[in-house]
Protein chains: 2
Amino acid sequence: MPSRVPAPGNPVRGSKSGKPIMALFDLLGRSWSLGVIWQLANGPLTFRQIQDRCEQMSPTILNRRIKELTASGFVEKGDQGYQLTSAGAELFTFLKPLGGWSKKWADALSSEERQQ
Amino acid sequence: MPSRVPAPGNPVRGSKSGKPIMALFDLLGRSWSLGVIWQLANGPLTFRQIQDRCEQMSPTILNRRIKELTASGFVEKGDQGYQLTSAGAELFTFLKPLGGWSKKWADALSSEERQQ
DNA sequence: TAGAATGCTACGCTTATTGTAGCAACAGGA
DNA sequence: TCCTGTTGCTACAATAAGCGTAGCATTCTA
């Protein structure tokens, strides 16, 4: 068994406290977790569609992330493929503003680099 | 050299597209990135204070995360220790609501488990 | 001026992620 | 029915990331 699913009562990867925010950060702080949620926000996707939209992430990891996100109640399997649960959609509302904001960050960073 | 710093023009860990949101997710999707930002939001902390509040995370990784977050413009070194930059503080405003929300998520998850 | 704290680095080990290959199950279409 | 394509994976080997302990050089502090 490669990795446990982070959850309040089931803390992982150093998240020994079991504090909800740390369990959440542990879950989201794994490769592609945020990306998968981001992509599913636009509607259901099949396994391979998620791979395509996440730069061909390896099936090994996608499978693992799907299991974790499902166990954590953010993702479920529907008729159209994998989709966000209502909790997942709620989580996305917090993430959504980061889309536009990240562009500002990108611009600020690159202009800083130009100054150096 | 262990890991590159994710940035819009310097994409990492599969983030080949260089899309700002994916670069941001790549950065935040590394162990303890979110946790460090979370802890620094309450004010400056020293290296060892961050370790203490992040469940004794290993200095190897803390050092690496600090370098990445500094290069990305979210963290800087001040007189009182490490602190969020204005960009870091801005990023935290998006993260902040997750604190309370994660508790609701925790409760929902554990009551689900009880039903099974 | 002897601790104590601080900010690390080194090192060996475990765990995570990647990339490629491929397989079983199902769905049309000829 | 047989062929072809899609889907959702699993296996495997290799690389990268993270962990934990030890320790060291440099300030602070009493």
Side-chain angles (χ1 to χ4, degrees), chain A residues 1-6 10-17 22-23 25-37 39-40 43-72 75-83, chain B residues 1-6 10-17 22-23 25-37 39-40 43-72 75-83:
Chain A
M1 211 56 54
S3 66
R4 282 168 295 168
V5 176
N10 183 18
V12 201
R13 202 162 78 170
S15 216
K16 294 151 196 160
S17 65
M22 286 302 166
F25 282 173
D26 183 9
L27 176 64
L28 300 181
R30 296 179 174 192
S31 70
W32 294 114
S33 275
L34 289 165
V36 167
I37 291 171
Q39 294 301 334
L40 288 182
L45 294 173
T46 66
F47 191 95
R48 302 215 175 190
Q49 282 175 327
I50 299 174
Q51 276 190 287
D52 291 345
R53 301 195 185 198
C54 290
E55 297 157 23
Q56 301 301 334
M57 66 178 287
S58 83
T60 316
I61 292 310
L62 176 52
N63 187 32
R64 203 174 292 171
R65 288 299 98 86
I66 284 176
K67 281 176 185 165
E68 291 165 1
L69 292 171
T70 300
S72 304
V75 166
E76 64 190 358
K77 199 168 190 173
D79 292 342
Q80 324 287 314
Y82 295 101
Q83 57 196 214
Chain B
M1 211 55 55
S3 66
R4 283 167 297 169
V5 176
N10 183 18
V12 200
R13 202 162 77 169
S15 215
K16 294 152 197 158
S17 65
M22 286 303 166
F25 282 173
D26 183 9
L27 177 63
L28 300 181
R30 295 178 175 194
S31 70
W32 295 112
S33 275
L34 289 165
V36 167
I37 291 170
Q39 295 300 335
L40 289 181
L45 293 173
T46 67
F47 191 95
R48 300 215 178 191
Q49 281 175 327
I50 300 174
Q51 276 190 287
D52 291 346
R53 301 195 186 200
C54 289
E55 297 157 24
Q56 301 301 333
M57 67 178 287
S58 84
T60 316
I61 293 310
L62 176 52
N63 186 32
R64 202 174 291 169
R65 287 299 96 85
I66 285 175
K67 282 177 185 165
E68 292 165 1
L69 292 170
T70 300
S72 303
V75 167
E76 64 191 358
K77 200 168 188 172
D79 292 341
Q80 323 288 315
Y82 294 101
Q83 58 196 215

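A note on names: the letters A, B, ... follow the listed sequences, proteins ahead of strands, and every chain is numbered from 1.
Of the side-chain N and O atoms in A:Trp32, none sit less than 4.0 angstrom from OP1 or OP2 of C:dA16. In this model, the phosphate group of D:dT10 is not approached by any side-chain N or O of A:Arg64 to a distance below 4.0 Å at OP1 or OP2.
Protein atom CG of A:Leu62 is 16 Å distant from nucleotide atom P of C:dT20, rounded to whole Å. As rounded to whole Å, 9 Å separates atom P of C:dA16 from atom CZ of A:Arg65. If you measure from atom CZ of A:Arg30 to atom P of D:dC19, you get 11 Å, rounded to the nearest angstrom. One interatomic measurement links the two molecules: CG of B:Asn63 to P of D:dC19, which rounds to 14 Å at whole-angstrom precision. Atom CD in A:Gln56 sits about 18 Å away from atom P in C:dT17, given to the nearest Å. Atom CG of B:Asp79 is separated from atom P of D:dT27 by 15 Å (rounded to the nearest Å). Atom CD1 in B:Ile66 sits about 13 Å away from atom P in C:dT6, given to the nearest Å. In this structure, B:Gln83 atom CD and C:dG7 atom P are separated by 13 Å, rounded to whole Å.
Closest non-hydrogen pair, B:Met22 versus A:Gly35, comes out as CE-CA, 4.3 Å. In terms of heavy atoms, B:Ser31 sits closest to B:Arg65 at O-NH1, 3.0 Å. Residue B:Val36 comes nearest to B:Met57 through the heavy atom pair CG2-SD, 4.2 Å, listed as atom of the first residue, atom of the second, then distance. Taking both residues in full, the closest heavy atoms of B:Ser33 and B:Leu28 are given as CB-O, 3.7 Å, listed atom of the first, atom of the second, then distance.
Just one residue in the list A:Gln49, A:Arg53, A:Arg48 forms a side-chain contact (heavy atoms from CB on, under 4.5 Å) with A:Gln51, and that residue is A:Arg48.
For A:Pro59, the listed nucleotide lying nearest its side chain is C:dT20; candidates were C:dT17, C:dT20, D:dG18. Comparing C:dT9, C:dT18, D:dG18 by their closest approach to the side chain of B:Ser31 singles out D:dG18.
Sequence order on DNA chain D of the closest nucleotides to B:Gln51 and B:Ile61 puts B:Ile61 first from the 5' end.
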Where do N or O atoms of nucleotides 5-8 of chain D meet protein N or O atoms at under 3.5 Å, pair by pair?
| from | atom 1 | to | atom 2 | distance (Å) |
| --- | --- | --- | --- | --- |
| D:dG8 | OP2 | A:Phe47 | N | 2.5 |
| D:dG8 | N7 | A:Arg48 | NE | 3.1 |
| D:dG8 | N7 | A:Arg48 | NH2 | 2.8 |
| D:dG8 | O6 | A:Arg48 | NH2 | 2.3 |

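Every side chain to side chain contact (heavy atoms under 4.5 Å, CB included) that A:Asn63 has, sequence neighbours left out, goes to A:Phe47, A:Lys67.
Taken to the nearest 0.5 Å, the CD1 atom of A:Ile37 stands 8.0 Å off from the CG atom of A:Leu40.
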